[in-house]
Amino acid sequence: MQSTAATEAFWGACGSAGACVISNPVDVVRTRLQLVGAAGSSSAGSLASSFSRLSAANLTTGLRAAIGYNVAFNGARFFLFDTMSSHTSTPVAGFSSGFVAGYLSSPLAKIRTVQQAGSCGASFWRMIGSKPFAGAGAWALRNGGHTGCIFTLYNGLRQRLREALPAGSAAWAV
């Protein structure tokens with residue numbers, strides 16, 4: 001089955017949206033622990049305690065923005081990577097696709113984080129609207145490096161598995 005950039009974008013967006021539903025409660029707790037310092041604790045007990053103090057409604061805080069961010073980011077990232085990877089090396093295609101997708105989706109990442117932190121209201125909308133791309137360059141750089149590493153390691157591992165398991169190579173054709 002031949003994949004296209006649009007197919008890669010679709011499945012990347014769908015997969016990340018699904019994963020986001022599962023990981024959002026952890027992101028809410030992580031964001032709030034980072035903001036309050038939680039006495040410098042990052043133990044499993046501290047995490048469990050934080051979960052128990054938050055209601056189910058609080059654990060879904062920012063979920064819509066998180067799904068929107070993940071769909072926009074990963075849809076663009078997979079589309080761009082698939083498009084660029086036939087014209088340049090995997091690390092360059094990965095970095096470039098992650099950088100561009102990270103930059104373009106950074107306003108949604110900002111909304112998600114502010115909502116997960118529990119900061120809403122008029123000042124929230126003023127902050128988002130005044131400079132939606134504040135920090136976008138740093139976010140793009142982080143995502144570019146991250147994507148370059150992930151996609152390069154994934155492609156290298158997939159190739160090694162194909163070589164090591166030639167009888168199962170049809171399973172790696174995806």
Side-chain angles (χ1 to χ4, degrees), residues 5-6 8-84 93-151 153-154:
E8 293 295 319
F10 175 78
W11 289 115
C14 289
S16 65
C20 177
V21 170
I22 295 166
S23 66
N24 192 72
V26 176
D27 278 343
V28 170
V29 171
R30 175 197 49 83
T31 299
R32 293 183 182 185
L33 285 173
Q34 286 175 323
L35 290 173
V36 299
S41 177
S42 61
S43 68
S46 175
L47 188 61
S49 173
S50 296
F51 270 110
S52 68
R53 286 192 305 266
L54 292 171
S55 69
N58 286 342
L59 291 174
T60 59
T61 300
L63 181 59
R64 284 182 283 192
I67 290 172
Y69 162 73
N70 275 282
V71 166
F73 173 67
N74 285 296
R77 177 168 72 156
F78 280 88
F79 179 86
L80 292 168
F81 178 77
D82 192 66
T83 302
M84 289 190 284
F95 179 84
S96 300
S97 62
F99 186 91
V100 171
Y103 188 88
L104 294 175
S105 63
S106 67
L108 290 168
K110 182 178 179 181
I111 292 169
R112 173 207 60 201
T113 302
V114 170
Q115 288 178 340
Q116 288 174 340
S119 305
C120 291
S123 62
F124 166 79
W125 291 110
R126 201 172 321 118
M127 182 192 73
I128 296 300
S130 66
K131 294 183 181 180
F133 287 93
W139 188 245
L141 187 59
R142 179 257 184 222
N143 282 305
H146 189 80
T147 302
C149 290
I150 290 172
F151 287 14
L153 293 171
Y154 170 79

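- S105 approaches F73 most closely through the heavy-atom pair OG-CB, 3.5 Å.
- Of all heavy-atom pairs spanning G94 and S97, the tightest one is O-OG, 3.1 Å.
- Closest approach of A109 to W139, counting heavy atoms only: CB-NE1, 3.8 Å.
- A 4.5 Å side-chain heavy-atom check between V100 and M84 finds every atom pair outside the cut-off.
- In this structure, CG on N24 lies 5.0 Å from CD on Q116, to the nearest 0.5 angstrom.
- Between F78 and T83, the closest side-chain pair of non-hydrogen atoms is not below 4.5 Å.
- Using a distance-only test at 3.5 Å, with no hydrogens or angles considered, a donor-acceptor pair links the side chain of S16 to the main chain of A13.
- Distance alone, capped at 3.5 Å, is enough to place a donor-acceptor pair between the N70 side chain and the A66 backbone.
- Distance check: H146 NE2 to L141 CG gives 13.0 Å after rounding to the nearest 0.5 Å.
- Proximity of a side-chain donor or acceptor of T147 to a complementary backbone N or O of G144 within less than 3.5 Å is not detected.
- Counting only heavy atoms from C-beta outward, the side chains of I67 and R64 never approach each other to under 4.5 Å.
- Among all heavy-atom pairs drawn from A134 and K110, the shortest one is CB-NZ, 4.0 Å.
- Y103 is linked by a ring-ring contact (aromatic ring centres under 6.0 Å, His included) to F133, counting only residues two or more places apart in sequence or in another chain.
- Here CZ of R77 is found 4.5 Å from CZ of F151. Values are rounded to the nearest 0.5 Å.
- Residues L80 and A101 come closest through the heavy atom pair CD1-N, 4.4 Å.
- Rounded to the nearest 0.5 Å, atoms CG (N143) and OG (S106) are 9.5 Å apart.
- Under a cut-off of 6.0 angstrom, the local environment of CZ in R142 is crowded, with over 12 non-hydrogen atoms contributed by other residues, nucleotides or ligands.
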